[in-house]
Novice: 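Below is a structure I'd like to ask you about.
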Amino acid sequence: MRTHIFWALLALLFAATSSWAVYVLFRPSYIYNRPAQPAFVMSFDDKYVGEWYAHRELFKKYSVRATFFITMPHQLSPSEIEMLKQLAADGHEIASHSYLHENSSKFIKRNGVPAYVAKEITSAIKAMQAIGFTPSTFAYPYGARSITIDRELNKYFHLLRGDSWKVAGKGIDELDRIFYKYDGNRLVHGLGVDANSGVTLQDLEIGFRRAAQNNEAILIYAHNILEQPSGYSISPQTLESIFKLAQKHNLSSLTFRELIL
């Protein structure tokens, strides 16, 4: 009887851990053609298309190619769609930020993974394809993610982006998760640099120096671009200073897609 109980408990333990073990040991990977190089990856979230487009010349001036993670693609106006197409023609990447900007952790807790994928992922992909874009990378709204949903979304996207923030008592160069090492990892994290982030140009210089020294890519992101920034926005003057810092440290500008494909 005790033998049967032992084997039953062992089976339950195996069932509970096997999916995690399989993911860790056999998670999908790619062989990348791009060699490691010092770079910075600038991205913007949500749907501030007009504001992004208004600063098109600033990106061109510094040869910056950004990734624009779009949410609610079905609500884009014809003029916004045309602006995105112009940005794509300039070399920027148009990527996915979900369909309705749901928090994946909260949504999945209520409704499950299949419902989240149907509502927030495949709907977003179809809506973007309908206006001429097929996204290959994805940024989680609110940075809300888990290993379970990462594994599921790897079926739809080549690269997933979570969030990271400045940590009290730590330098930006100590936040390993915001540096991409060209190692085939399909989950990366971007450092928020909006007005409410607390990140300074001095912080970024430290991070840019690490990227330059270690042949890494540092990932940063913002939302809106406003002359008088507050909350989730950044000023064009700060953006220009960031671009100048990148040039100072000889960092190439890459999109998310360019990191892996």
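All values reported here derive from a predicted model rather than from experimental measurement. Only this structure's heavy atoms are used, side chains among them; waters, hydrogens and symmetry mates stay out.
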Novice: Distance-only, no hydrogens or angles: does the Arg186 side chain make a donor-acceptor pair with backbone N or O of His158 under 3.5 Å?
Specialist: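 Between the backbone of His158 and the side chain of Arg186 there is a qualifying donor-acceptor contact (under 3.5 Å).
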Novice: Ring centroid separation for Phe69 and Phe256, is it under 6.0 angstrom?
Specialist: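 Centroid separation for Phe69 and Phe256: below 6.0 Å.
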Novice: What pairs meet the side chain to side chain donor-acceptor pair (under 3.5 Å) rule with one or both residues in residues 121-133, with sequence neighbours excluded?
Specialist: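 Those involving residues 121-133 do not exist here.
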Novice: Kindly write out the residues that satisfy ring pair (Phe, Tyr, Trp, His ring centres under 6.0 Å) with His92, not counting sequence neighbours, or none if the list is empty.
Specialist: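 Counting only residues at least two positions away or on another chain, His92 forms a ring pair (Phe, Tyr, Trp, His ring centres under 6.0 Å) with Phe59, Phe68.
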Novice: For a side chain to side chain contact (heavy atoms under 4.5 Å, CB included) check, start with the C-alpha distance between Phe107 and Lys119, then their side-chain angles and the critical distance, and finish with the verdict.
Specialist: CA-CA 10 Å; Phe107 187 96; Lys119 182 177 180 182; 3.6 Å; yes
Novice: Show the nearest heavy-atom pair for residues Gly207 and Phe179, with the distance to one decimal.
Specialist: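 Nearest heavy atoms, Gly207 then Phe179: O-CE2, 3.4 Å.
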Novice: Quick one: closest heavy-atom pair of Ala39 and Ala211, and the distance?
Specialist: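 Minimum heavy-atom separation between Ala39 and Ala211: O-CB, 4.2 Å.
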Novice: Nearest heavy-atom pair of Pro73 and Ala127: which atoms, and what distance?
Specialist: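 For Pro73 and Ala127, the tightest heavy-atom pair comes out as CG-CB, 3.7 Å.
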Novice: Once rounded to the nearest 0.5 Å, what's the spacing between atom CD1 of Ile172 and atom NZ of Lys166?
Specialist: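 If we round to the nearest 0.5 Å, Ile172:CD1 and Lys166:NZ are 6.0 Å apart.
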Novice: Quick one, Arg65 and Leu254 - any side-chain contact, counting heavy atoms below 4.5 Å?
Specialist: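 In contact.
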Novice: Taking side chain as C-beta onward, heavy atoms only, is Phe44 less than 4.5 Å from Leu239?
Specialist: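 Of all side-chain heavy-atom pairs linking Leu239 with Phe44, at least one is under 4.5 Å.
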Novice: Is any side-chain heavy atom of Asp203 closer than 4.5 Å to a side-chain heavy atom of Thr200?
Specialist: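 In contact.
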Novice: Would you kindly confirm whether Leu191 and Leu187 end up in one hydrophobic cluster when ILVMFWY residues are joined by side chain heavy atoms under 4.5 Å apart?
Specialist: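 The answer is no; the residues belong to distinct hydrophobic clusters.
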Novice: Would you give the length of the straight line joining atom CE of Met83 to atom OG of Ser77, rounded to the nearest 0.5 angstrom?
Specialist: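 Between Met83 CE and Ser77 OG, I get 7.0 Å after rounding to 0.5 Å.
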Novice: Is there a side-chain contact between Glu93 and Ser136 (heavy atoms, below 4.5 Å)?
Specialist: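 Yes, close enough: below the 4.5 Å cut-off.
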Novice: Test Glu240 against His55 for side chain to side chain contact (heavy atoms under 4.5 Å, CB included), laying out the working first.
Specialist: CA-CA 10 Å; Glu240 184 161 23; His55 296 90; over 6 Å; no
Novice: Please answer: with hydrophobic residues joined when any side-chain heavy atoms are less than 4.5 Å apart, are Leu175 and Ile242 in the same cluster?
Specialist: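 Leu175 and Ile242: one cluster.
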Novice: Looking at Glu120, Gln75, Met128, which one forms a side-chain contact (heavy atoms from CB on, under 4.5 Å) with Tyr99?
Specialist: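 Only one of Glu120, Gln75, Met128 forms a side-chain contact (heavy atoms from CB on, under 4.5 Å) with Tyr99, namely Glu120.
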Novice: Would you give the length of the straight line joining atom CG of Leu259 to atom CG of Asn185, rounded to the nearest 0.5 angstrom?
Specialist: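 Answer rounded to 0.5 Å: 11.0 Å.
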Novice: Hydrophobic clusters here meaning ILVMFWY residues chained together by side-chain heavy-atom distances under 4.5 Å, can you tell me if Phe208 and Leu201 are in one?
Specialist: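 Phe208 clusters together with Leu201.
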Novice: Is it true that Tyr156 and Ile94 fall in one hydrophobic cluster, defined by side-chain heavy atoms closer than 4.5 Å?
Specialist: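 Looking at the clustering, Ile94 is in a separate group from Tyr156.
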Novice: Applying a strict under-4.5 Å side-chain criterion to I, L, V, M, F, W and Y, I'd like to know whether Tyr180 and Val41 cluster together.
Specialist: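 Yes, Tyr180 and Val41 fall within the same hydrophobic cluster.
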Novice: In this structure, which one of Pro236, Ser233, Ser235 forms a side-chain contact (heavy atoms from CB on, under 4.5 Å) with Glu227?
Specialist: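 Exactly one pass, corresponding to Pro236.
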Novice: What's the spacing between Asn103 CG and His101 NE2 if we round to 0.5 Å?
Specialist: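 It is 9.5 Å, given to the nearest 0.5 Å.
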Novice: Taking the side chain as every heavy atom from C-beta outward, state whether Tyr53 and Leu87 have any pair of such atoms under 4.5 Å apart.
Specialist: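 Yes. Closest side-chain heavy atoms under 4.5 Å.
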Novice: Which atoms form the tightest heavy-atom contact between Val193 and Leu204, and what is the distance?
Specialist: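 Looks like CG1-CD2, 4.1 Å.
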Novice: Quick one: are Asp46 and His97 in side-chain contact, heavy atoms under 4.5 Å?
Specialist: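 Asp46 vs His97: side chains touch.
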Novice: Any chance the side chains of Tyr140 and Asp150 put a donor and an acceptor closer than 3.5 Å?
Specialist: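 Per modelled atom types, Tyr140 and Asp150 side chains form a pair under 3.5 Å.
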Novice: Looking at Glu57 and Lys60, is there a salt bridge between them, counting it only when a charged N and a carboxylate O are closer than 4.0 Å?
Specialist: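 Yes.
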Novice: Can you tell me how far the CD1 atom of Ile234 sits from the NE2 atom of His223, to the nearest 0.5 Å?
Specialist: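 Here the rounded value is 11.5 Å.
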Novice: So do the side chains of Leu219 and Ser43 get within less than 4.5 Å of each other, counting heavy atoms only?
Specialist: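 Not in contact.
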Novice: Tell me which one of Leu160, Asn154, Ile121, Val113 satisfies side-chain contact (heavy atoms from CB on, under 4.5 Å) with Ile149.
Specialist: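 Going through Leu160, Asn154, Ile121, Val113 one by one, the side-chain contact (heavy atoms from CB on, under 4.5 Å) with Ile149 is satisfied by Val113 alone.
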Novice: Taking all non-hydrogen atoms of both residues into account, name the closest pair between Tyr62 and Lys244 and its distance.
Specialist: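 Scanning both residues, the minimum pair turns out to be OH-CE, 3.1 Å.
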Novice: Is the closest side-chain heavy-atom distance between Asp163 and Tyr142 below 4.5 Å?
Specialist: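 Counting from C-beta outward, Asp163 and Tyr142 never come under 4.5 Å.
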Novice: Between Ile220 and Val199, does the side chain to side chain contact (heavy atoms under 4.5 Å, CB included) criterion hold? Intermediate values first, please.
Specialist: CA-CA 10 Å; Ile220 60 177; Val199 175; over 6 Å; no
Novice: What's the separation between atom CG in Leu159 and atom OG1 in Thr67, rounded to the nearest 0.5 Å?
Specialist: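 Result: 9.5 Å between the selected atoms.
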Novice: Would you name the heavy atoms of Tyr221 and Gly192 that are closest together and state the gap between them?
Specialist: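 For Tyr221 versus Gly192, the nearest heavy atoms are CE2-N, 3.3 Å.
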Novice: Given side chain to side chain donor-acceptor pair (under 3.5 Å), test Ser197 with Asp194 step by step and report yes or no.
Specialist: CA-CA 5 Å; Ser197 69; Asp194 282 312; over 6 Å; no
Novice: Fit a plane to each ring of Tyr232 and Trp165, take the angle between them on a 0 to 90° scale, and name the class: parallel (under 30°), tilted (30 to 60°) or perpendicular (over 60°).
Specialist: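 Ring orientation, 0 to 90° scale: perpendicular.
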Novice: Would Leu226 and Tyr48 count as a side chain to side chain contact (heavy atoms under 4.5 Å, CB included) if you check the C-alpha gap in whole Å, the side-chain angles of each, and the deciding distance to 0.1 Å?
Specialist: CA-CA 10 Å; Leu226 296 174; Tyr48 302 104; over 6 Å; no
Novice: Apply the side-chain hydrogen bond (donor to acceptor under 3.5 Å, both in side chains) test between His249 and each candidate in Arg209, Gln213, Arg210, Glu205; give the one that qualifies.
Specialist: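 So, applying the side-chain hydrogen bond (donor to acceptor under 3.5 Å, both in side chains) to His249 and each of Arg209, Gln213, Arg210, Glu205, only Glu205 qualifies.
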